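Predicted model only: the values in this text are computed from it and were never measured.
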Amino acid sequence: MNPYGVPGLSVQEVAQKRENGDNFILLDVREPNELLYANLGSGVLTAPLSKLARQGPESLPEAVLADKDAEIVVLCHHGNRSAQVTAWLRQQGWTNVLNMDGGIDAYAIAVDPSVGRY
């Protein structure tokens, strides 16, 4: 469980879902400069938290806006900002949003060191 009490997945569970080709949206809420240091490669959508705070839901990627029932896994550096966004999305009516507990840093440590750390 994360500090915001939202449902989450471990980085190992996220890695397994990616490996299995499961149909879900991976949404990275880190800032653009952070993406230079560590990233999960193609297929990850982005919505920086600063932009979400300024512009609200309209700053979300189209795939997120298109289906409020789609499975969405939100990630950030350590899992705190993504937990905030997970809670916010749920308050906005998205029904199947999960936090990637531990963030990309935990993913790099436990799953794939080539992802990078900062």
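- With hydrogens and angles disregarded, a donor-acceptor distance shorter than 3.5 Å links the side chain of Glu31 to the backbone of Ser50.
- Lys17 NZ: more than 12 foreign heavy atoms inside a 6.0 Å radius.
- Linking Ile, Leu, Val, Met, Phe, Trp and Tyr residues whenever their side-chain heavy atoms come within less than 4.5 Å leaves Leu45 and Phe24 in two separate clusters.
- Nearest heavy atoms, Pro61 versus Ala47: CD-CB, 4.0 Å.
- In plain terms, the two heavy atoms of Leu60 and Leu65 that are nearest each other are O-CD1, 3.5 Å.
- In plain terms, the two heavy atoms of Ala110 and Val11 that are nearest each other are CB-CG2, 4.0 Å.
- Residues Val111 and Ala15 come closest through the heavy atom pair CG1-CB, 3.6 Å.
- Residues Gln84 and Cys76 have side chains not in contact (no heavy-atom distance under 4.5 Å, counting atoms from C-beta outward).
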Review point. Which is it for Leu9 and Met100 under the side chain to side chain contact (heavy atoms under 4.5 Å, CB included) test, yes or no, and what are the steps along the way?
Key: CA-CA 5 Å; Leu9 293 174; Met100 186 170 91; 5.8 Å; no

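- Note that CG of Asn20 and CG of Asp22 are 5.0 Å apart. Values are rounded to the nearest 0.5 Å.
- In this structure, the side chains of Leu40 and Leu75 come closer than 4.5 Å at one or more pairs of heavy atoms.
- Atom OG1 of Thr86 and atom CD of Gln91 lie 11.0 Å apart (nearest 0.5 Å).
- Heavy atoms only, all atoms of each residue included: Ala87 and Val6 are closest at CB-CG1, 3.6 Å.
- Note on Leu49 and Trp88: same hydrophobic cluster, where clusters join Ile, Leu, Val, Met, Phe, Trp and Tyr whose side-chain heavy atoms are under 4.5 Å apart, directly or indirectly.
- In this structure a side-chain-to-backbone donor-acceptor pair under 3.5 Å is present from Asp28 to Arg30.
- The CG atom of Leu27 sits 11.0 Å away from atom CG of Asn99, with the distance rounded to the nearest 0.5 Å.
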Review point. What's the verdict on side chain to side chain contact (heavy atoms under 4.5 Å, CB included) for Asn96 and Ile72, showing C-alpha distance, side-chain angles and the deciding distance?
Key: CA-CA 6 Å; Asn96 195 9; Ile72 302 168; over 6 Å; no

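- A 4.5 Å side-chain heavy-atom check between Val85 and Leu52 finds at least one atom pair inside the cut-off.
- With contacts defined as side-chain heavy-atom distances shorter than 4.5 Å, the pair Glu71/Asn23 does not qualify.
- With Arg90 contributing its side chain and Val97 its backbone, the two residues share a donor-acceptor pair below 3.5 Å.
- Atom OH of Tyr37 has 12 or fewer heavy atoms from other residues, nucleotides or ligands within 6.0 Å.
- Not a single donor-acceptor pair under 3.5 Å links the side chain of Arg18 to the backbone N or O of Leu26.
- Here the straight-line distance linking atom OG of Ser82 with atom CG of Leu98 works out to 11.0 Å at 0.5 Å rounding.
- Taken to the nearest 0.5 Å, the NZ atom of Lys51 stands 10.0 Å off from the CD atom of Glu58.
- Between the side chain of Trp94 and the backbone N or O of Val64 there is at least one donor-acceptor pair closer than 3.5 Å.
- The two atoms that bring Val14 and Tyr107 nearest to each other are CG1-CE1, 4.4 Å, heavy atoms only.
- Both Val74 and Ile25 are part of a single hydrophobic cluster, where members link through side-chain heavy atoms under 4.5 Å apart.
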Practice item. Check the pair Tyr118, Leu36 against side chain to side chain contact (heavy atoms under 4.5 Å, CB included), reporting the backbone distance first and the verdict last. Key: CA-CA 10 Å; Tyr118 62 102; Leu36 302 173; over 6 Å; no

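- Between the CG atom of Asp101 and the CD atom of Glu13 there is a distance of 8.5 Å, given to the nearest 0.5 Å.
- In this structure, the side chain of Thr95 engages the main chain of Lys68 through a donor-acceptor pair within 3.5 Å.
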